[in-house]
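So the structure is just underneath, and the comments pick up after that.
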Number of protein chains: 2
Amino acid sequence: MNKIKGLEKEGISKSSEGCPMASVMNVIGGKWKIIILYHLRDSILRFGELKKRIPNITQKMLTQQLRELERDGLVKRTVYPEVPPRVEYQSTYLSDELRPIIDMLCDWGEKQKEMLGR
Amino acid sequence: MNKIKGLEKEGISKSSEGCPMASVMNVIGGKWKIIILYHLRDSILRFGELKKRIPNITQKMLTQQLRELERDGLVKRTVYPEVPPRVEYQSTYLSDELRPIIDMLCDWGEKQKEMLGR
DNA sequence: CCCCTATAGTATATAAAAGTAACTAACACA
DNA sequence: TGTGTTAGTTACTTTTATATACTATAGGGG
């Protein structure tokens, strides 16, 4: 179980050649990643806090997506050797640069919701 | 086969409550959607042209994602009753507003690639 | 007429990703 | 000895994505 997703993401390979967008998708394309990064925009959160803020995600998915984000340098994971365990997640230099983009996406979503009559 | 994905996306329901990001993800969260919109940023493209520009996508996926994008008002599909058939896809008012976001994502991807040493 | 090409798809079968539910480790407290 | 807490695992099922093959249509060549 040391490989979560095989070769594909080990070095952002495969579909990243040719299309600049494809490599981006490799890193933030997971179903929950942008949502996770959205919640980590301005807070350091523990695993359980993230889980509360993203009600529909399962523990397995949250763990998995966080590990991939960590591997790709988009979140920093800090484990405190306590009992019960405490693990904190925070954004990094790389994901900080995604913040304006995430904010814009959020605004776009609001506008789009209005346009679709609701 | 009249329902591509069931209820979930019919009205941007489900996970859109609570999290503003979730509704955005419902619309552009498909694996290929941002890539498709990226290629339609500044060109009107036929099905086959899109397929050439996105080599790893399969016809089925391209068809499916385009239909979902059309349904959500992000692409306009124009069929010319010719043989061989000609179908053109173009961006809409809604997706035009995504353009700066897509460009920023693209830039972020470039920067990120450099940082990861290559 | 038969075969070939081209375009924009469908259909079917298989692989991969995501979801579900139950289980674990470690200690604190009662 | 038994219960609660947190951050995960594990095994299993369902949903998505991919690969491959196939279809309809018209024009052109033989």
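Throughout, protein chains are lettered first and strands after them, A, B, ... in sequence-line order, and every chain is numbered starting at 1. The basis for the numbers below is simple: all heavy atoms, side chains too, and nothing from hydrogens, waters or symmetry mates.
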Report yes if a side-chain nitrogen or oxygen of [X] is closer than 4.0 Å to either non-bridging phosphate oxygen (OP1 or OP2) of [N]; otherwise report no.
{"X": "A/Gln59", "N": "D/dA7", "result": "no"}
{"X": "B/Trp32", "N": "D/dT18", "result": "yes"}
{"X": "A/Arg67", "N": "D/dA7", "result": "no"}

Between [N] ([atom2]) and [X] ([atom1]): distance, integer Å:
{"X": "A/Lys31", "N": "D/dT14", "atom1": "NZ", "atom2": "P", "value": "17 Å"}
{"X": "A/Gln65", "N": "C/dA16", "atom1": "CD", "atom2": "P", "value": "18 Å"}
{"X": "A/Lys52", "N": "D/dT5", "atom1": "NZ", "atom2": "C1'", "value": "11 Å"}
{"X": "B/Gln64", "N": "C/dT12", "atom1": "CD", "atom2": "P", "value": "16 Å"}
{"X": "B/Leu50", "N": "C/dA8", "atom1": "CG", "atom2": "P", "value": "10 Å"}
{"X": "B/Ile57", "N": "D/dT18", "atom1": "CD1", "atom2": "P", "value": "7 Å"}
{"X": "A/Leu62", "N": "C/dT20", "atom1": "CG", "atom2": "P", "value": "14 Å"}
{"X": "A/Met61", "N": "C/dT20", "atom1": "CE", "atom2": "P", "value": "11 Å"}

Can you tell if the side chain of [X] reaches within under 4.5 Å of the side chain of [Y], non-hydrogen atoms only?
{"X": "A/Glu49", "Y": "A/Tyr89", "answer": "no"}
{"X": "B/Ile36", "Y": "B/Leu74", "answer": "no"}
{"X": "B/Val24", "Y": "A/Ile35", "answer": "no"}
{"X": "B/Gln112", "Y": "A/Leu94", "answer": "yes"}
{"X": "B/Gln64", "Y": "B/Arg67", "answer": "no"}
{"X": "B/Leu66", "Y": "B/Leu50", "answer": "yes"}
{"X": "A/Lys31", "Y": "B/Met25", "answer": "no"}

For B/Lys111, check side chain to side chain contact (heavy atoms under 4.5 Å, CB included) against everything at least two apart and list the hits.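 Scan of B/Lys111 (side chain to side chain contact (heavy atoms under 4.5 Å, CB included), adjacent residues dropped) gives A/Glu97.
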Set of residues satisfying side chain to side chain contact (heavy atoms under 4.5 Å, CB included) with respect to A/Lys52, sequence neighbours excluded: none
Heavy-atom contacts under 4.0 Å between residues 37-47 of chain B and DNA chain D, which residues? none
Residues in contact with DNA chain D, drawn from residues 78-90 of chain B - heavy-atom cutoff 4.0 Å: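 DNA chain D contact set from residues 78-90 of chain B: B/Val83.
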At less than 3.5 Å, do the side-chain atoms of B/Lys60 and the base atoms of D/dT18 form a donor-acceptor pair? yes
Closest to the A/Arg77 side chain: D/dG8, C/dG19, C/dG9?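 Selected nucleotide (nearest to the side chain): D/dG8.
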B/Tyr38 backbone acceptor or donor facing B/Arg41 side chain under 3.5 Å: yes
For the helix from C/dC1-D/dG30 to C/dA30-D/dT1, what is the angle between the axes at its two ends, each from 5 pairs, rounded to 10°? 30°
Is there a continuous path of hydrophobic side-chain contacts, each under 4.5 Å between heavy atoms, that joins B/Ile44 to B/Tyr80? no
Identify, with sequence neighbours excluded, every residue that meets side-chain hydrogen bond (donor to acceptor under 3.5 Å, both in side chains) alongside A/Asp107.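 So A/Asp107 forms no side-chain hydrogen bond (donor to acceptor under 3.5 Å, both in side chains) with any residue.
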